Amino acid sequence: MKLEWKKHEKTLYGVKSIPALVEIPPQNFIMIQGSGNPNDTDFSNRVAALYSLAYAIKMGYQSTTTKNPLSNEIHDFTVYPLEGTWKLRNTDTKSATTGLIKEDLEYTIMIRQPDFITAEMVCAALEKVKMKKSNPLYEKIIFDTIPHEKCVEILHIGSYDNEPLSFEQMDKFAEENGLQRISDCHREIYLVNRTKVDKLKTILRYQVNSPNQ
């Protein structure tokens, strides 16, 4: 059996283009922190390092299992999409013309790992990628868990620069349902990111709680 996140986890990734409240279970990730403009080379280098490790983990897991179409045992999995959490170093730093100064962004980009992937598997895969090609960014990647979260989410279609329009819908939904945003940080999941700008698909989420909590 192959674990495919698009097929087996539709409640988490089959998001609609209208706001909704969702419970996100604890999830494991390989992740790396950074700052600055996501259009810069440093960001793409960090993404590349993450994907190199993600595929090494996948290949390492495959080598330890036996492919049997009649078995329910998971012998393979599809690499999860890239995600990122984003916030501004200084929330007062905005441009009068563009609104957001991307150089002031702080982020953690990450790729989710299936629950059966252990820290030992990640370490073994990391050693293999280090042997193939030296990269100082590998030393900055960690394996960690994001705990359970209650979030408002929406599927944003189009340019990343137009995300404020989707956040306005999310904010209105939260207000109408008595929900309070509890952080200036938000999460993005890049479902489709290699296409024309108007066809980009990104899940936007931010954490909320109820005033009665």
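Keep in mind that this is a model prediction, so the values were computed, not measured.
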Could you tell me the separation between the [atom1] atom of [X] and the [atom2] atom of [Y], rounded to the nearest 0.5 Å?
X	Y	atom1	atom2	result
T108	I32	OG1	CD1	9.5 Å
E106	Q33	CD	CD	8.5 Å
D104	R89	CG	CZ	5.0 Å
M110	I189	CE	CD1	7.5 Å
Y51	K58	OH	NZ	13.0 Å
D40	L105	CG	CG	10.5 Å

Under 3.5 Å: donor-acceptor pair, side chain of [X], backbone of [Y]:
X	Y	result
T145	P147	no
R205	I154	no
W5	V79	yes

Kindly determine whether E103 and N37 satisfy side chain to side chain donor-acceptor pair (under 3.5 Å), including the steps that lead there. CA-CA 5 Å; E103 284 70 20; N37 193 323; 3.1 Å; yes

Determine whether [X] and [Y] make a side-chain contact, defined as any pair of heavy atoms from C-beta on separated by less than 4.5 Å.
X	Y	answer
L21	L179	yes
L53	I57	yes
H148	P25	no
P38	Y160	no
L137	R46	yes
E149	E23	no
I109	M31	no
T202	L191	no

E73 vs H75, test: side chain to side chain donor-acceptor pair (under 3.5 Å). Steps then yes/no. CA-CA 6 Å; E73 180 184 358; H75 62 80; over 6 Å; no

Joint cluster assignment, [X] & [Y], ILVMFWY side-chain distance < 4.5 Å:
X	Y	value
F143	V47	yes
V152	I18	no
Y138	M59	no
Y55	L82	yes
V122	I142	no

Ignoring hydrogens, what is the shortest heavy-atom contact between [X] and [Y]? Give both atom names and the distance.
X	Y	answer
A49	N135	CB-ND2, 4.2 Å
S35	D42	O-OD2, 4.4 Å
I30	I141	CB-CG2, 4.1 Å
G60	T64	O-CG2, 3.3 Å
S52	V129	O-CG1, 3.7 Å

For I111 and E83, run side chain to side chain contact (heavy atoms under 4.5 Å, CB included): C-alpha distance rounded to whole Å, both residues' side-chain angles, the deciding distance at 0.1 Å, then the answer. CA-CA 6 Å; I111 298 175; E83 303 190 24; over 6 Å; no

Which of these passes side-chain contact (heavy atoms from CB on, under 4.5 Å) with H186: E153, R181, K87, M170? R181

No-hydrogen, no-angle side-chain donor-acceptor test under 3.5 Å, D76 and Q62: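 Judged by distance alone, the side chains do pair up.
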
Checking side-chain polar atoms at under 3.5 Å, does D171 have a donor or acceptor matched by the opposite partner on Y206? yes

Students often mix this up, so state it plainly: with edges at 30° and 60°, are the rings of Y13 and Y80 parallel, tilted or perpendicular?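 Ring orientation, 0 to 90° scale: tilted.
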
On the 0 to 90° scale, with breaks at 30° and 60°, tag the F43-Y107 ring pair as parallel, tilted or perpendicular. perpendicular

Tell me, yes or no, whether the heavy-atom count around [X] atom [atom1], taken from other residues, nucleotides or ligands under 6.0 Å, exceeds 12.
X	atom1	answer
E4	CD	yes
K201	NZ	no
K2	NZ	yes

Please list, chain by chain and in numerical order, all residues satisfying side chain to side chain donor-acceptor pair (under 3.5 Å) with S63, sequence neighbours excluded.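 Side chain to side chain donor-acceptor pair (under 3.5 Å) check on S63 returns nothing, list empty.
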
Evaluate the criterion side chain to side chain contact (heavy atoms under 4.5 Å, CB included) for residue pair I157 and L200; output intermediate values, then yes/no. CA-CA 5 Å; I157 300 176; L200 294 171; over 6 Å; no

Ring centroid separation for H156 and F167, is it under 6.0 angstrom? no

Charged tip of R112 within 45° of F29 ring normal and under 6.0 Å: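 No, R112 does not sit over the ring of F29.
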
Let me see the working for R187 and L204 under side chain to side chain contact (heavy atoms under 4.5 Å, CB included), right down to the final yes or no. CA-CA 6 Å; R187 193 192 303 197; L204 303 179; over 6 Å; no

Answer yes when K130 and E127 have at least one side-chain N-carboxylate O distance shorter than 4.0 Å, and no when they do not.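 A salt bridge is present here (some side-chain N lies under 4.0 Å from a carboxylate O).
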
